[in-house]
Amino acid sequence: MMRLAYALAASAVVVAGMGMLGGPVMAAAADPARVVVNETRNRISVVGEGVVSAAPDVMRLSAGVEVRAASAGEAFKAVRAGAAKLTAALVAAGVAAKDLRTNELSLGPEYEAYPKVSGYRGAQGVEAVVRDLNQADRIIDAAVAVGEDVRLNGISFEVSDPGALLEAARAAAFRDAQAKARQFAELAGRRLGEVVLVSDEVTGGPQPLTFAGAVAEDRSSVSPGRQNLSVNVRVVYSLV
């Protein structure tokens, strides 16, 4: 205990001595905010935006079969048979088997006046990925030709290689940020230094810009239009 007391006393003396001998050094260490402020004054932070667009090259067709019957067993059997016919028709029209997937399977009662059951409804859906848009109309027609139980639930378009679009958007956003930073530095009477920090954020996934297409020329009822991808990049530069 005596040794500990002497050690603490000695430490107090050393600290006090340092305070008397090196006052300015201790003041700077005790005030880290001053260092941060000085560092921040020599930096500039800007946000650049890059937007690129491309014509989609893939279509997703959502279709299915819906059946109503007096019993659950009949409805389920009929809907499964109809879905098999729809799948076969899509494959025959040129959709690869690997590009087909079941996206719905349901069976349930329908009521005339609850709890009185009037029948049963069965539904099975399929999503088809169409990779040749020139065949889109023919594939849709093939699905509809399966029968009156077929339902078309919609289509969507996408770009098969969004990674290339993302790279181009990042490059455009960085150039935009660099141009802004250089201009602000000149306005402030400074010169742009090295890059201190870079961070990006995809601000919007592929969105349709327009669905106007040359329908009259290619006689196609399906037009993918164009899609865009937007990226924001925050860049921090040092100022010299």
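Sequence positions, counted from 1, serve as the residue numbers for this chain. Here the structure is a predicted model, which means the values were calculated and not measured.
- Considering only heavy atoms from C-beta on, R191 stays 4.5 Å or farther from L239 through its side chain.
- If you take CG on N103 and OG on S62, they are separated by 4.5 Å, rounding to the nearest 0.5 Å.
- Between A177 and V46, the shortest heavy-atom contact is O-CG2, 3.3 Å.
- Qualifying salt bridge (Lys or Arg N to Asp or Glu O under 4.0 Å) partners for E167, counting only residues two or more places apart in sequence or in other chains: none.
- Minimum heavy-atom separation, A173 to G50: CB-N, 3.4 Å.
- The shortest heavy-atom contact between P162 and L229 is O-CD2, 4.5 Å.
- Put simply, CZ on R182 and CD on Q178 are 4.5 Å apart, with the number rounded to the nearest 0.5 Å.
- Closest heavy-atom contact between V231 and A169: CG2-CB, 3.6 Å.
- Taking CG from N232 and CZ from R170, the interatomic distance works out to 12.5 Å, rounded to the nearest 0.5 Å.
- Counting non-hydrogen atoms of other residues, nucleotides and ligands closer than 6.0 Å to CZ of R138 gives a total above 12.
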*asked:* Please determine whether side-chain contact (heavy atoms from CB on, under 4.5 Å) holds for the pair V130 and R60, giving the CA-CA distance in whole Å, both sets of side-chain angles, and the decisive distance to 0.1 Å.
replied: CA-CA 6 Å; V130 180; R60 291 184 181 271; over 6 Å; no
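- Taking 4.5 Å as the limit, every side-chain heavy atom of Y237 sits out of range of all side-chain heavy atoms of N42.
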*asked:* Set out, in order, the CA-CA distance, both residues' side-chain angles and the distance that settles side-chain contact (heavy atoms from CB on, under 4.5 Å) for V52 and N228, then state yes or no.
replied: CA-CA 5 Å; V52 295; N228 72 318; over 6 Å; no
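- Taking a 6.0 Å sphere around CZ of R121, one finds it holds more than 12 heavy atoms contributed by other residues, nucleotides or ligands.
- Between E49 and S230, some side-chain heavy-atom pair lies under the 4.5 Å cut-off.
- With contacts defined as side-chain heavy-atom distances shorter than 4.5 Å, the pair P56/E158 does not qualify.
- If you chain together ILVMFWY residues whose side-chain heavy atoms come under 4.5 Å of each other, V58 ends up grouped with V129.
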*With side chain to side chain donor-acceptor pair (under 3.5 Å) as the test, would you mind laying out the steps for S160 and D57 before giving the verdict?*
CA-CA 6 Å; S160 61; D57 56 354; 2.7 Å; yes
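- A donor-acceptor contact shorter than 3.5 Å links the side chain of S118 to the backbone of E110.
- With sequence neighbours left out, the salt bridge (Lys or Arg N to Asp or Glu O under 4.0 Å) criterion links D176 to K180.
- Looking only at side-chain heavy atoms (C-beta outward), V117 and E112 stay at 4.5 Å or farther from each other.
- V51 and V159 fall into different hydrophobic clusters, defined by Ile, Leu, Val, Met, Phe, Trp and Tyr side-chain heavy atoms under 4.5 Å apart, directly or through other members.
- Listed by chain and number, the hydrophobic cluster partners of L197 are V196, V236, where partners are ILVMFWY side chains within reach of under 4.5 Å, directly or through others.
- A donor-acceptor contact shorter than 3.5 Å links the side chain of Q227 to the backbone of F157.
- The structure places OG of S238 at 7.0 Å from CG of L192, a figure rounded to the nearest 0.5 Å.
- Not one N or O on the side chain of R234 forms a donor-acceptor pair closer than 3.5 Å with the backbone of S199.
- Across A143 and L152, no two heavy atoms sit closer than the pair CB-CD2, 4.5 Å.
- The shortest non-hydrogen separation linking V126 to L90 is CG1-CD1, 4.0 Å.
- Heavy atoms from other residues, nucleotides or ligands lying under 6.0 Å from CZ of F184 number 12 at most.
- The CG atom of L107 sits 11.0 Å away from atom CZ of R80, with the distance rounded to the nearest 0.5 Å.
- Counting only residues at least two apart or on different chains, the salt bridge (Lys or Arg N to Asp or Glu O under 4.0 Å) pairs with a member in residues 139-151 are E66-R151.
- Using a 4.5 Å cut-off on side-chain heavy atoms (C-beta onward), S45 and V235 make no contact.
- For the pair V233 and V47, the minimum side-chain heavy-atom distance is 4.5 Å or more.
- Note on residues 83-108: pairs passing salt bridge (Lys or Arg N to Asp or Glu O under 4.0 Å), not counting sequence neighbours, are D99-R131, R101-E127.
- Rounded to the nearest 0.5 angstrom, N153 CG and L61 CG are separated by 8.5 Å.
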